[in-house]
Amino acid sequence: MKSIVVANWKMNPATFKEARKLFEATRKAAESAKNVAVIVAPPAIFLRELSVGYKGKRLSFAAQNAHYEAGGAFTGEISMSEARDAKCSSVIIGHAERRGMGEENDDTRRKVVAALTIGLTPVLCVGERTRSQSGEHFEFVREQLVAGFADVPPAKIPRVIIVYEPVWAIGAERPMNARDMHEMAIFIRKTVVDRYGQGGMNLKILYGGSIDESNAEDMIQNGDVNGLLVGRASTDAEKFSALVSALGAL
Ligand code: 13P
């Protein structure tokens with residue numbers, strides 16, 4: 001079974017020397033697991049040096065974030081074209097940590113189209129902060145999806161990769177239950193199909209939140225997902241290699 005693994009290094013590691021070492025281990029892991037497509041998202045400042053030096057095909061690069069404007073007075077931001085120029089083929093949009101810093105549904109809407117327009121794959125993150133018995137989280141996720149796809153031409157819908165990452169399971173002790181993910185995957189497809197048409201049936205859906213080498217296989221086999229977005233375990237060379245090889249064996 002082919003799966004996608006996004007290695008989101010977030011704001012790690014502290015030096016380029018360590019980044020190069022981690023990348024080397026990541027590359028080896030990706031090259032030994034033929035049915036796992038690894039997408040590495042290093043900090044922007046390390047990206048180009050890693051990507052231009054990589055000549056293989058087993059691994060691709062993502063920006064952790066990019067602005068929807070083509071250029072201008074946006075201190076501290078990078079643009080979609082700058083990300084593409086640094087050999088990114090995808091961009092993470094609306095990660096919970098960016099949303100926590102003020103990114104809104106309207107920003108993610110613009111970023112998704114901006115990415116598609118320039119030929120980058122948007123990796124659109126959605127997920128509620130908390131859950132209660134009443135099921136309001138479905139409505140919350142529905143709004144994030146409706147906004148994210150609002151300006152996407154129907155033919156391009158299947159090009160968007162969705163990551164469901166419940167905020168309460170990020171940086172936590174364990175991931176959400178795979179059966180609950182299965183339910184959410186059905187909900188995500190249905191929401192996009194109901195609102196924007198059949199393209200939603202072909203969406204790739206990933207799960208993110210406390211995935212490591214011990215639970216990745218269960219989530220892939222029982223969560224109805226095409227892959228995983230991995231934070232902490234992607235910056236630990238041993239854990240990440242074990243995770244990729246576990247999925248490679250499926
Ligand atoms: P952790 O894997 O560190 O929980 O982070 C995951 C994440 O950011 C999910 O999108």
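Indexing begins at 1, ligand by ligand and atom by atom, following the structure's order.
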- Query: ligand 1: which residues have a non-hydrogen atom closer than 4.0 Å?
  - Reply: Lys10, His95, Glu165, Ile170, Gly171, Gly208, Gly209, Ser210, Leu229, Gly231, Arg232
- Task: Answer yes or no: are there more than 12 heavy-atom neighbours, outside Lys10 itself, under 6.0 Å from its atom NZ?
- Result: yes
- Consider only side-chain N and O atoms of Arg232 and Ser210, and report whether a donor and an acceptor are under 3.5 Å apart. yes
- Roughly how far apart are Ile220 CD1 and Leu228 CG, rounded to 0.5 Å? 4.0 Å
- Message: Quiz question: by atom type and distance under 3.5 Å, do the side chains of Gln144 and Tyr164 form a donor-acceptor pair?
- Response: no
- Message: Going by side-chain contact (heavy atoms from CB on, under 4.5 Å), name the residues that satisfy it together with Pro158, two or more places apart in sequence or in a different chain.
- Response: Asn202
- Verify whether one side chain among His95 and Glu103 offers a donor that lies under 3.5 Å from an acceptor in the other. no
